[in-house]
Amino acid sequence: MARPALIVHGGAGPVPEAERTHRQAAVERACDIGWSTIGTGALAAAVAAVRHMEDEPLLNAGIGACLNSDGVVELDAGVMEGAALRAGGVACLRDVRHPIDLAVAVMEDGRHVLLAAEGASRFARDHGVEMADPSIFITDRKRQELIEGADTVGAVARDGDGHIAVAVSTGGRVGKLPGRIGDSPIPGAGFYVDDRFGGVCGTGLGEAFIRLGLARLMVIELQHGMEPASVARGAIDHLGKALAAPGGVILVPRDGAPQAAFNTPAMPWAMAE
Ligand code: ASP
């Protein structure tokens, strides 16, 4: 028997002072929702937490996500299970109600790891994933245009059988070029998990996470026996020193407590054990 654990974050972008407590509360609600499903497994818990955050308009995922340079919301999401290294990523979605649901469908289908844009939407329709009018993602155009940097939401869960899963969802970076894909749907960049060592996910400048292969690097460090807290801190130092990039990470090791680290002024996060 393993000791269940869940850690959830709401992004490491610069949060306006007035929104800080509201964003923290949104992340705590997501953590409660995820934790209430931990009995059905790590995947269910991580996905439930992220799915909830896709509906929190102050977080940069799903409804309320940041706008690209055309003033449109394009969403990325990813999911991975550490038992058999199954993964699914979806990118540049404009009309899928819950990107994380589609990432799960891609993972479960198993033929591919990453689907983007129109082909991903078609796959969603063919697999009965809920679609949405793109306008529903915009609740406050002015605010969504001005989100500084951006954010991501993510969760890593460990269940009583020792299985670890990670789920991530994001609107990416504000003002990004149409078609830009960040780190969040890419295993090894924005997230990675292997039951034997632990699971991680990140938020921050996606281009830097991709260039450093940061999530994969963190799991390799866990594999080599580094302390989980040093792995989290070290990843953030590396992000800053190598590429001067802002960001944050959360992780759940194979045993022991979840960890969080960030180099931005704030990153709302919550955990349950
Ligand atoms: N990592 C996300 C991306 O680059 C955005 C963020 O977390 O700030 O798409």
Side-chain angles (χ1 to χ4, degrees), residues 7-16 19 23 26-27 30 49-50 53-54 56 58-62 64-69 72-80 89-94 99-100 103 114 116-117 120 137 143-156 166-192 200-218 232 235-236 238-240 242-251 260-269:
I7 184 163
V8 174
H9 79 80
V15 183
E19 286 187 8
R23 289 205 204 185
V27 168
V50 164
M53 291 189 283
E54 289 179 338
E56 290 278 0
L58 289 183
L59 301 178
N60 179 29
C66 67
L67 304 181
N68 70 10
S69 61
V72 171
V73 170
E74 285 187 339
L75 302 165
D76 297 344
V79 70
M80 186 164 182
V90 290
C92 281
L93 307 176
R94 294 181 173 205
I100 196 63
L114 194 49
F137 296 112
R143 182 185 167 278
Q144 287 167 255
E145 251 163 25
L146 295 173
I147 300 174
E148 223 186 296
D151 278 313
T152 288
V153 306
V156 188
V166 52
V168 189
S169 186
T170 190
R173 307 292 291 180
V174 76
K176 65 186 182 179
L177 293 178
R180 178 264 191 188
I181 297 173
D183 59 315
S184 302
I186 302 178
F191 63 95
Y192 199 76
V200 310
C201 83
T203 166
L205 187 60
E207 283 72 9
F209 278 77
I210 295 171
R211 287 164 65 196
L212 296 173
L214 199 61
R216 185 73 188 98
L217 180 63
M218 291 171 72
I236 290 310
H238 186 40
L239 195 61
L243 296 175
V249 293
I250 55 173
L251 76 80
F262 50 96
N263 62 11
T264 54
M267 181 180 81
W269 63 278

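Remember, it's 1-based here, ligands and their atoms both numbered in the order they're listed. If you're wondering where the values come from, they're calculated on a predicted model, not measured in any experiment.
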May I ask you to identify, for Arg180, whether its side chain, its backbone, both or neither come under 4.0 Å of ligand 1 on a heavy-atom basis? side chain
Do any nitrogen or oxygen atoms of Asp151 lie less than 3.5 angstrom from nitrogen or oxygen atoms of ligand 1? yes
Could an N or O of ligand 1 be found under 3.5 Å from any N or O of Leu205, whether backbone or side chain? no
Proximal atoms of ligand 1 relative to Gly204 (non-hydrogen, under 4.0 Å): 1 (N), 2 (C), 3 (C), 4 (O), 5 (C), 6 (C), 7 (O), 8 (O)
As a check for students: among Thr152, Leu75, Thr264, identify the option with a heavy atom nearest to atom 6 (C) of ligand 1. Thr152
Kindly compute the distance separating CD (Glu54) from CG (Leu75), expressed to the nearest 0.5 Å. 7.5 Å
Measuring from atom OG of Ser69 to atom CD of Glu145, what distance do you get when rounded to the nearest 0.5 angstrom? 11.0 Å
One finds that the ligand 1 atoms under 4.0 Å from a non-hydrogen atom of Thr203 are 6 (C), 7 (O), 8 (O)
Let me confirm one number: the CG-CZ distance from Asn60 to Arg173, rounded to the nearest 0.5 Å. 9.0 Å
From the options Asp183, Thr170, Val174, Ile210, select the one whose nearest heavy atom is closest to atom 3 (C) of ligand 1. Asp183
Could you go through residues 204-214 and list every donor-acceptor pair under 3.5 Å that involves a side-chain atom there, pairing it with any protein atom two or more places apart or in another chain?
from: Glu207; atom 1: OE1; to: Arg180; atom 2: NH2; distance (Å): 2.8
from: Glu207; atom 1: OE2; to: Arg180; atom 2: NE; distance (Å): 2.8
from: Glu207; atom 1: OE2; to: Arg180; atom 2: NH2; distance (Å): 3.3

Do Asn68 side-chain atoms and Lys176 backbone N/O form a donor-acceptor pair below 3.5 Å? no
Which heavy atom of Val90 sits nearest to which heavy atom of Pro185, and what is that distance? O-CB, 3.4 Å
